[in-house]
Structure formats: C-alpha cells, structure tokens
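Before any comments, here is the structure.
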Amino acid sequence: MLGGYEYVSKADIEQSSHFLNYFLAGVNDAHRIDNKLALDCGAGIGRVTKHLLLNHFEQCEMVDVTESFILKAKEYLGDVDAKRVPRFHVTGLQSFEPDENKYDCIWMQWVLGYLDDKDLVEFFRRCKRALKPRGVCVLKENVSQREPEFDAVDSSYTRPRQAYLNAIHKAGMMLIRDEKQKKFPTELYEVRIMAFS
C-alpha cells in the first residue's frame with residue numbers, strides 16, 4: 001500500500017532485493033540464510049510477495065488482517081506464483097502466532113505502525129521463536145525524527161529509529177544490518193530497513 005506513491009515501488013523493490021542479497025548470496029557467511037520459506041507480514045494484495053520475496057525464496061506465506069486483500073492476492077499473484085504461497089493467514093499481527101522454527105526470513109513492511117509498543121515487542125518475540133536457527137527478521141518502516149507520531153485517521157504510529165531498536169532489544173534480538181531507503185521523494189518520511197535476529 002503506497003498511498004498515492006505507487007511510482008516509488010521500483011526503487012523500493014530494488015533496494016530491498018539488494019538488502020536481501022546480503023543474507024542470501026554469501027556476502028557474510030555468519031549471516032547467510034536459506035532460501036526455502038519467507039513470511040510476508042502485512043502482505044496486502046501481495047506486492048512485496050510477488051515482486052520481492054518470491055524472487056528470492058522458494059515459497060512465501062502471507063499474513064494480513066484484511067480478508068478482502070488476501071482474496072485479491074490470489075488473483076494478483078497469478079496461478080503460478082499463488083501455488084508458491086502454501087498458507088494465507090487472515091489475522092492481525094498482535095494475535096498472529098507463527099509456527100516455531102519455520103521461516104528463513106520474516107519480512108515486515110509498512111505494517112508495524114499499527115501495533116502499540118507492547119504488542120510490537122511481543123510480536124518480535126514470537127517472530128524470534130518462528131525463525132529457523134539462521135533466519136532473519138527484516139522490518140521496513142517510515143521513521144520519525146525524534147518522537148513517535150500518531151495518525152488518528154490511520155490509527156497508526158510513525159516511530160523514530162531508536163524506538164524500533166529498543167523493541168528489538170527488548171525482544172531479546174540483535175540488529176544485524178540497517179540502512180536508509182534511497183531514491184524516495186524528499187517530502188516522505190525517511191524509510192529504514194533493519195535486519196535482526
């Protein structure tokens with residue numbers, strides 16, 4: 001969901017792909033992950049699943065709170081790619097209980113703002129259990145400059161980078177890689193991509 005900025009999708013996918021390759025292409029063996037199964041959190045109709053995750057992983061599960069998006073995703077993905085999505089989960093992340101020791105990568109993009117701080121930490125803890133031993137979580141989110149900003153219309157938070165780092169540490173995880181999204185319009189919030197496990 002790009003909120004009227006659909007034209008940034010190409011830059012978004014390109015940088016995310018480069019970011020993932022750090023973990024998949026043996027750039028650093030200590031952080032190398034397998035390419036069997038990813039999980040797309042807040043997947044919507046499947047833009048990230050289709051154009052990013054299925055280009056790097058054999059399969060990808062999708063989770064979204066909106067059932068109509070999940071139904072649309074099956075059409076958007078097309079017959080071939082939809083067969084590579086073994087499970088579609090219709091639930092909010094605050095109540096989602098992923099299976100333990102299952103995923104090589106858990107991808108969370110533009111969805112964590114809908115969780116309050118307590119639910120965010122608890123979700124990260126469940127993600128930690130859901131990762132395979134060499135798996136990695138990746139969040140890609142807008143960040144505010146200093147303080148959290150609440151959007152009453154959207155009922156979501158835009159957090160500063162430090163708030164995500166705090167939540168990662170509270171969940172018993174460690175930051176591995178962190179970079180700023182490039183080639184986005186200057187009037188938008190800064191977007192950070194963070195990998196942690």
Side-chain angles (χ1 to χ4, degrees), residues 12 15-34 37-43 48 52-53 56-57 60-61 63-65 89 91-151 154-182 184 188-197:
D12 168 51
Q15 188 162 340
S16 293
S17 182
H18 183 267
F19 190 90
L20 266 179
N21 279 335
Y22 174 86
F23 298 97
L24 289 162
V27 175
N28 184 329
D29 284 340
H31 297 136
R32 184 178 175 86
I33 64 172
D34 205 349
L37 180 63
L39 174 67
D40 186 359
C41 298
V48 169
L52 175 69
L53 298 175
H56 291 277
F57 297 91
C60 179
E61 294 184 7
V63 55
D64 198 277
V65 70
H89 307 270
T91 183
L93 297 185
Q94 69 272 20
S95 56
F96 179 53
E97 295 278 353
D99 295 336
E100 294 188 14
N101 192 31
K102 184 175 186 179
Y103 302 102
D104 299 299
C105 177
I106 299 177
W107 191 274
M108 317 157 203
Q109 182 162 346
W110 291 324
V111 65
L112 299 178
Y114 295 101
L115 300 178
D116 65 24
D117 290 346
K118 179 178 179 293
D119 286 338
L120 179 65
V121 172
E122 289 301 319
F123 177 62
F124 283 173
R125 286 176 177 152
R126 294 195 299 276
C127 287
K128 181 181 181 181
R129 295 192 293 269
L131 288 176
K132 291 180 182 175
R134 293 173 66 95
V136 66
C137 289
V138 180
L139 72 81
K140 188 166 188 177
E141 292 288 341
N142 298 343
V143 294
S144 56
Q145 288 298 312
R146 292 179 181 81
E147 299 295 329
E149 298 175 15
F150 183 70
D151 183 336
D154 200 30
S155 295
S156 66
Y157 295 90
T158 302
R159 295 178 170 90
R161 174 180 175 273
Q162 188 60 49
Y164 283 113
L165 294 177
N166 293 344
I168 290 167
H169 294 150
K170 284 180 182 177
M173 305 173 86
M174 291 180 55
L175 184 71
I176 301 170
R177 191 171 176 84
D178 174 20
E179 66 184 43
K180 178 181 177 179
Q181 171 69 46
K182 302 170 184 172
F184 267 25
L188 298 181
Y189 282 107
E190 178 181 323
V191 174
R192 304 297 304 190
I193 317 173
M194 301 181 187
F196 54 101
S197 65

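- No side-chain donor-acceptor contact under 3.5 Å links Lys182 and Gln15.
- Remark: side-chain polar atoms of Arg129 are not paired, donor with acceptor, to backbone N or O of Pro98 under 3.5 angstrom.
- Contact detail for Pro133 and Asn101: the closest heavy-atom pair is CD-OD1, 3.1 Å.
- No side-chain N or O of Tyr114 forms a donor-acceptor pair with one of Asp119 less than 3.5 Å apart.
- Summarising the local packing, NE2 of His169 is surrounded by more than 12 heavy atoms from other residues, nucleotides or ligands at distances under 6.0 Å.
- With respect to the salt-bridge test (charged N to carboxylate O, under 4.0 angstrom), the residues Lys102 and Glu61 qualify.
- A donor-acceptor pair under 3.5 Å is formed between the side chain of Ser144 and the backbone N or O of Thr158.
- Pairing each heavy atom of Cys41 with each of Phe123, the nearest pair is SG-CZ, 3.8 Å.
- The CG atom of Asp116 lies 6.0 Å from the OH atom of Tyr157; values are rounded to the nearest 0.5 Å.
- For Arg177 and Tyr22, the positive end sits near the middle of the six-membered ring, less than 6.0 Å away and at most 45° from its axis.
- Put simply, the side chain of Arg32 gets close to the backbone of Leu24: a donor and an acceptor are under 3.5 Å apart.
- A distance of 11.0 Å separates CG in Asp104 from CG in Leu39, rounded to the nearest 0.5 Å.
- Of all heavy-atom pairs spanning Gly135 and Ser197, the tightest one is O-CB, 3.5 Å.
- Salt-bridge formation is detected for the pair Arg192/Asp178: a Lys NZ or Arg NE/NH1/NH2 atom is positioned less than 4.0 Å from an Asp or Glu carboxylate oxygen.
- Taking the charged nitrogens against the carboxylate oxygens, Asp12 and Lys140 do have a contact shorter than 4.0 Å, which makes a salt bridge.
- Aromatic pair Tyr164/Phe196: centroids not less than 6.0 angstrom apart.
- Formation of a donor-acceptor pair under 3.5 Å by the Glu141 side chain with backbone atoms of Leu112 is found in this model.
- Between the Arg161 side chain and the Val143 main chain, no donor and acceptor come within less than 3.5 Å of each other.
- Considering only heavy atoms from C-beta on, Leu37 stays 4.5 Å or farther from Phe57 through its side chain.
- Open room surrounds CD on Gln145; 12 or fewer heavy atoms of other groups in view lie less than 6.0 Å from it.
- Pairing each heavy atom of Ile33 with each of Val136, the nearest pair is CD1-CG1, 3.8 Å.
- Remark: Leu131 CG to Ile106 CD1 distance equals 4.0 Å, nearest 0.5 Å.
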